[in-house]
Student: 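Sharing a structure below in structure tokens format, with a few things to ask.
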Amino acid sequence: MTGTNETRRKVFLGLLGGVAGLAVGGGAAARVLVDHEAKVFWLDGGGATYTFGVNELGQLQSLYWGAALAAGDKLLPPVTVEGNSSNEVPIAISPYEFAGFGGGLTTEPALKVRFPDGVRDLDLRYVSHESRDGRLVLQLKDVKRAVHVSLAYAMDEASGILTRSATVENRTGNWIQVDQMAAACLNLPYSDDYQLSFLSGRWGGEFMLQTRPVTPGAFVLESRKGVTSHQANPWIALSRGGTGEESGPVWFGALGWSGSWRINVEMDAMGGVHATAGYNPFDFNHRLKHGESLASPVFHAGFSNEGFGGASRIFHRYQRERILPHAPAPRLRPVLYNSWEATFFDVTEAGQIALAEKAARIGVERFVVDDGWFGARNSDKAGLGDWVVNRKKFPNGLGPLIKRVNVLGMQFGLWVEPEMVNPDSDLYRAHPDWVINFPGRQRSEARNQLVLNLARKDVYEYLLKKLDELVAGNNIEYLKWDHNRTWSEPGWPEVGPDQQQRLYVDYVDNLYKLLAELRRRHPKLEIESCASGGGRVDLGIMKLTEQVWTSDNTDPYDRLVIQDGYSHAYAPAAMMAWVTDSPNFVNKRVTSLEYRFLSAMQGGLGIGANLNHWVEEDFARARRMVEEYKRIRATVQLGSLYRLVSPRNGAQRSATLSVSQDRRQAVLFAFLHSSMMRAAQPVIQLRGLAPDTVYALRPIAGNAAPRTPSKASGAYWMGNGLKVALEGDFQAAAFVLEALEA
Ligand code: DGJ
């Protein structure tokens with residue numbers, strides 16, 4: 001907690017005239033302050049304040065969210081906001097924390113339910129609250145019927161990231177149907193110059209940053225695909241007209257959900273801006289019997305006054321300290337080798353051992369066998385679902401390969417795609433009813449495969465057993481968990497028609513349960529989330545997977561743009577990037593091995609090239625780059641990232657800087673993509689260094705311009721900058737700055 005917040009807490013206690021009924025949380029969660037009399041709630045942390053209260057009708061309404069308010073500030077309870085004409089009911093557009101659809105609401109509801117008698121009116125009013133250990137839970141109830149909602153709030157003390165989620169419980173004595181449910185609605189301070197940034201894309205082109213003005217009406221970001229999706233990622237940022245990379249306010253948030261999701265950003269008739277995030281209401285409903293409840297995903301949201309760079313640094317920190325497995329100390333990503341682009345489905349024991357010997361020579365720490373090792377999997381047409389080792393390719397099982405990999409000093413990892421099945425597989429022949437389908441209708445295939453209905457208990461149990469046996473029976477320390485198609489015909493015929501759409505929630509709940517149980521049984525196991533590249537990257541899956549695969553596009557230049565977009569929302573600590581062959585298999589671009597390394601060294605480094613085609617010089621160069629990487633990887637993965645020059649929009653150059661948390665080491669990556677019109681890398685001003693510390697400059701690759709000092713103060717590198725000597729197309733350089741003892 002900051003000094004300001006601590007002071008305000010004391011003032012607040014004073015204002016309340018005592019501690020009766022005051023709840024103050026503690027621990028790694030930020031303080032929660034409750035003014036019981038005024039029914040105003042505060043969460044303070046990481047330089048941000050979030051406040052809301054109960055209005056004159058008993059509804060929860062936002063008050064303020066942004067930079068920490070000053071000591072002694074006191075907020076009055078909210079009052080409903082009226083439109084400018086009597087043609088709308090007065091409560092239509094107030095900035096609600098969690099509005100039920102009803103009572104004349106015209107903005108996006110957070111919850112919409114249907115009762116057996118056809119009533120679809122829900123008006124949620126405050127009942128009670130409880131604050132414990134930094135967690136604030138409010139109970140709401142419909143004015144007439146026993147539909148209870150609890151809203152959970154917490155704020156991370158260090159980063160100021162607010163987490164919000166909701167649970168609806170049916171105590172009506174009959175069923176209710178939830179037609180729409182969000183985790184939260186977040187309301188922004190009034191302004192008429194908001195810009196919305198979001199990430200969109202496609203296979204091979206994920207995480208493209210888009211920005212557009214927020215204008216009257218709604219803008220919808222969503223996945224209807226059953227999975228997070230390449231097309232849009234559940235992250236948004238709202239900034240002001242003048243906000244830049246390193247200055248100005250940014251409100252941002254990401255939904256932790258790996259199924260169909262929706263974020264609705266709207267500007268109401270009076271200019272209020274609201275962002276509502278949760279389950280995608282498209283084709284959604286979830287029927288609850290009396291006594292049953294439904295929980296929403298979690299929406300994680302934060303604020304920075306230091307532009308997009310400040311926002312992403314806060315979010316990266318939060319992901320390292322609160323989200324990723326082993327948080328607050330996520331493990332460093334080992335250097336891995338994966339032969340997918342080298343061999344595709346043509347994996348054999350001899351072939352993989354030959355690659356493993358070569359990988360070990362360059363310092364690889366984890367050797368991964370990708371698709372093709374099981375069943376009749378010689379192409380993507382057959383075998384998926386049959387998780388038994390293909391004895392033609394591995395006559396003695398995986399044992400000899402794993403043993404050799406371990407003797408070479410590397411961990412062994414394996415590719416799986418548990419949620420899918422080829423119709424041409426033993427699993428599908430035995431259980432054609434296990435896939436998501438509508439009886440009597442077409443079962444549309446994508447990549448020749450169908451989606452197993454993981455919402456089913458038997459499918460869940462089968463997959464747990466198979467994966468458990470696989471990991472337990474072999475020394476497997478890592479699974480690359482793939483997911484290569486989106487949903488179609490989302491039916492679940494075994495349950496009644498009124499239960500079928502529970503699929504959207506129950507599938508993802510079981511996926512999380514499966515991952516968690518596997519991790520519980522195998523504490524050493526690490527997992528990567530992959531979905532034809534970056535199709536399943538979100539804060540839900542990232543709680544259960546150490547790393548994510550951002551794209552199948554491994555072209556090092558395209559990847560810089562993908563990584564730039566990714567880094568706006570997600571931490572380098574989890575981002576994998578590979579050095580593959582040139583020309584690249586996706587776009588045939590030719591680049592140097594050094595350029596490919598420097599692009600991939602900005603996250604968890606992998607090698608995916610065909611090492612059988614390398615000459616001695618390639619091995620020597622790769623060995624040196626891997627050694628260099630190991631010296632800087634803690635800074636790259638766990639440090640603070642500064643996007644100094646953006647590669648977006650066809651920029652001719654780009655640069656990033658990673659600074660270790662103790663500011664003793666910094667790593668600069670600089671790229672010249674095109675030398676058109678004799679463009680060169682001009683001076684780059686660094687950021688985030690300690691001004692009075694002297695840093696020695698050492699090139700990892702490439703050179704600084706002549707007459708660059710070999711050491712200088714942080715103030716010098718940040719003020720005067722560093723000129724990099726780069727000329728020509730697709731050139732790259734990297735430098736490490738090490739703090740010298742004072
Ligand atoms: C898609 C992944 O993104 C690739 O890296 C590879 O694992 C293939 N699937 C295998 O089928």
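Just follow the structure's listing: the first ligand is 1, and inside any ligand the first atom is 1.
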Student: So if I count the atoms of ligand 1 from 1 in the order they appear, which ones are less than 4.0 Å from some heavy atom of C530?
Tutor: 2 (C), 3 (O)

Student: For a salt bridge (Lys or Arg N to Asp or Glu O under 4.0 Å) with E526, tell me which candidate from R366, R519, K480 qualifies.
Tutor: R366

Student: Mind checking whether R447 has a heavy atom under 4.0 Å from ligand 1?
Tutor: yes

Student: Is the distance between the ring centroids of W578 and F597 under 6.0 Å?
Tutor: no

Student: Compute the centroid of each ring, for F730 and then for Y557, and state whether the two points are separated by less than 6.0 Å.
Tutor: yes

Student: Counting heavy atoms only, which part of N338 comes closer than 4.0 Å to ligand 1: side chain, backbone, both or neither?
Tutor: neither

Student: Would Y462 and W434 count as a close aromatic pair, with their ring centres under 6.0 Å?
Tutor: yes

Student: Under a 4.0 angstrom heavy-atom cut-off, which atoms of ligand 1 come close to W549?
Tutor: 3 (O), 5 (O)

Student: For residues W415 and W481, establish whether the separation of their ring centroids is below 6.0 Å.
Tutor: no

Student: So between T550, D552, V368, whose heavy atom ends up nearest atom 4 (C) of ligand 1?
Tutor: D552

Student: Starting from atom 9 (N) of ligand 1, what is the nearest protein heavy atom, named by residue and atom, and what distance separates them?
Tutor: D482 OD2, 2.7 Å

Student: Measure from the ring center of F299 to the ring center of W257 and say whether it is less than 6.0 Å.
Tutor: no

Student: Give the residue and atom name of whichever protein heavy atom lies nearest to atom 11 (O) of ligand 1, and the separation in Å to one decimal.
Tutor: D371 OD2, 2.6 Å

Student: Taking it one step at a time, do E628 and R624 satisfy salt bridge (Lys or Arg N to Asp or Glu O under 4.0 Å)?
Tutor: CA-CA 6 Å; E628 288 284 8; R624 200 182 74 72; 3.4 Å; yes

Student: Only heavy atoms of G533, strictly under 4.0 Å: list the atoms of ligand 1 that pass.
Tutor: 3 (O)

Student: Could a heavy atom of K480 be found less than 4.0 Å from some atom of ligand 1?
Tutor: yes

Student: For atom 7 (O) of ligand 1, grab the closest protein heavy atom and report residue, atom and distance to one decimal in Å.
Tutor: D370 OD1, 2.7 Å

